[in-house]
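These notes are about the structure you will find just below.
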Amino acid sequence: MPTTESGKPAIVLFRYDLRLADNRALHAASESGKPVIPVFVWDEQTSPHARPLGGARKWWLHHSLNALSATMKARGATLVLKRGKTEAIVDGLIDETGADLVLWNRRYDPQGVEVDTGLKAELARRNVMAESFEGHLLHEPYALRTASGGYYRVYTPFWRALAGQPEPRDPVAAPIGLKSWHGEIASETLDDWNLLPKHPDWSKGFTDWTPGEEAAHQRLADFLDGAIGHYSRERDRPDIEATSRLSPHLVHGEITPVQIWHALKAPKLRDHGADVAKFRREMAWREFCYHLLFHNPALHTENFNASFNAFHWNDRQDHFDAWKQGKTGYPIVDAGMRQLWQTGWMHNRVRMIVASFLIKHLLIDWRKGEEWFWDTLVDADPANNAAGWQWVAGTGADAAPYFRIFNPILQGEKFDPKGDYVRTFVPELAALPGKYLNQPWTAPQRVLDDAGIMLGETYPHPIVDHRSARRRALGAYAETR
DNA sequence: AGGGTATTCAT
DNA sequence: TGAATACCC
């Protein structure tokens with residue numbers, strides 16, 4: 001559009017796409033030559049099914065909005081904050097500013113789609129232009145279809161289909177000069193939103209993280225300079241820095257998978273083809289989960305495989321509490337749960353172990369675990385979290401077979417061979433020799449004494465016995481088949 | 001992206 | 001007798 005066409009402003013809606021680069025809506029607004037009004041809309045009200053943001057993500061959102069706001073300010077623009085129903089907010093802004101164009105990046109969670117579909121209809125009714133753009137996936141969900149027109153329910157064919165797609169679009173640069181709207185617009189303030197945790201101690205351990213677009217790209221650069229070199233071999237090792245840790249940046253849209261995909265083509269990675277390929281496959285899991293969510297709005301509340309609906313879950317609160325607090329008596333499980341609470345994040349391998357433990361050893365409903373993760377993970381993702389839990393539970397798409405029950409002792413020994421991870425997050429076991437580290441209850445009394453451990457006092461006895469819990473789970477699952 | 005156990009195989 | 005293998009859960 002020519003820059004002279006209209007002095008009327010364009011509204012750019014920000015949701016969880018807190019970035020300037022590869023932001024197609026912002027880019028198009030800027031290209032239009034119109035003055036731009038950037039608005040972050042926090043809408044948990046339009047859709048009755050909207051899921052309120054968890055605590056850890058609220059912490060992240062607070063800091064990420066601060067970062068985005070500052071970057072915008074440096075470019076002469078002001079980020080407006082609004083909370084409430086999207087349509088009402090946009091209507092109000094149009095009335096206030098005379099805006100005749102609204103732009104946003106598409107979302108793929110069903111509640112987001114619902115809100116944006118409603119908005120589009122409202123704008124059409126008002127005769128205001130609306131434009132939506134490809135959002136935070138490599139490919140639009142409707143672009144990948146099985147031969148029979150359905151969506152993929154199995155990962156491997158999904159991966160083949162994705163790998164057979166044309167390269168994802170090129171990322172777009174951050175707009176060079178943002179022509180901002182200079183009228184006064186009432187904005188809410190971050191302080192009003194009370195995003196930071198009420199228990200201030202909680203987020204004290206979130207020191208590994210720097211929310212915001214700049215930090216996201218720094219994280220990617222660090223990963224490509226370092227850990228990706230041994231990604232394929234070490235990605236399952238929670239004691240080693242071998243993963244990208246990009247997930248919280250991705251879920252807040254500070255960086256896009258498209259940017260990452262293209263960054264993986266850097267010449268310096270030429271000798272790491274296997275690692276890059278492995279990482280791309282993990283990116284494809286994220287994509288796969290979003291496809292599942294797109295087609296299954298209740299992915300976090302309903303068994304994907306309905307034959308599990310009759311399954312009888314255990315509701316022992318004391319077991320659930322022990323799990324949440326990292327006091328199950330199984331060191332690798334407890335280390336994971338404490339890493340989660342202390343840092344807002346947990347290594348993926350350990351997520352599978354603790355989830356398997358909750359579901360199979362304790363027979364507690366996967367939804368309860370999913371909710372806890374939703375509240376405590378800085379990367380809590382509507383698609384990955386729900387699909388991941390269902391995968392472990394055996395209720396999900398392409399799920400782990402029901403009889404696959406992780407042995408927390410063997411998993412600890414295999415993936416934390418030196419015990420560094422357990423010793424970091426379960427310090428009361430730090431002096432225990434590796435031989436007993438994942439099964440302290442088998443250590444001779446003298447060894448426990450030497451390590452300063454009193455089972456039942458300084459570290460709990462196992463809350464369930466592995467062998468009998470395993471048998472119980474197999475029996476319970478067999479009944480539902 | 002597993003575990004447990006019986007059986008076979010290789011010293 | 002311990003390491004691979006097979007096979008079921």
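Numbers restart at 1 for each chain; the letters A, B, ... are given by sequence-line order, proteins then strands. Below, all heavy atoms of this structure are taken into account, side chains as well, without hydrogens, waters or symmetry copies.
- If you take CD1 of A:I332 and C1' of B:dG3, they are 17 Å apart, rounded to a whole angstrom.
- A straight line from NZ of A:K360 to C1' of B:dG4 spans 15 Å, rounded to a whole angstrom.
- For the pair A:R160 and A:F158, the NZ or CZ position fails the cation-pi test of under 6.0 Å to the six-membered ring centre and within 45 degrees of the ring normal.
- Contact between the side-chain N/O atoms of A:N407 and the OP1/OP2 oxygens of B:dG2 is not found at any separation under 4.0 Å.
- At B:dT5, none of the side-chain N or O atoms of A:R470 fall inside 4.0 Å of OP1 or OP2 (strictly under the cut-off).
- At distances below 3.5 Å, not a single donor-acceptor pair connects side-chain atoms of A:E254 with backbone N or O atoms of A:L18.
- As rounded to whole Å, 20 Å separates atom P of B:dG2 from atom CZ of A:R467.
- For A:F406 and C:dC9, the CZ to C1' distance is 16 Å, given to the nearest whole Å.
- Look at OH on A:Y402: it is 15 Å from P on B:dG4, rounded to the nearest Å.
- Per the geometry, CD1 belonging to A:I405 stands 12 Å off P belonging to B:dT5, to the nearest Å.
- A:D465 has its CG atom 15 Å from the C1' atom of B:dG3, to the nearest Å.
- Within the cation-pi definition used here (under 6.0 Å to the ring centroid, within 45° of the axis), A:R237 does not qualify as a partner of A:F415.
- Remark: A:H466 is not in phosphate contact with B:dG3, judged by side-chain N or O atoms under 4.0 Å from OP1 or OP2.
- Rounded to whole Å, the distance from CG on A:L474 to P on C:dC7 is 20 Å.
- The shortest distance between the side-chain N/O atoms of A:R349 and the OP1/OP2 oxygens of B:dG2 is below 4.0 Å.
- Side chain of A:D416 to main chain of A:Y421: a donor-acceptor pair is present (N/O by atom type, distance under 3.5 Å, no hydrogens or angles).
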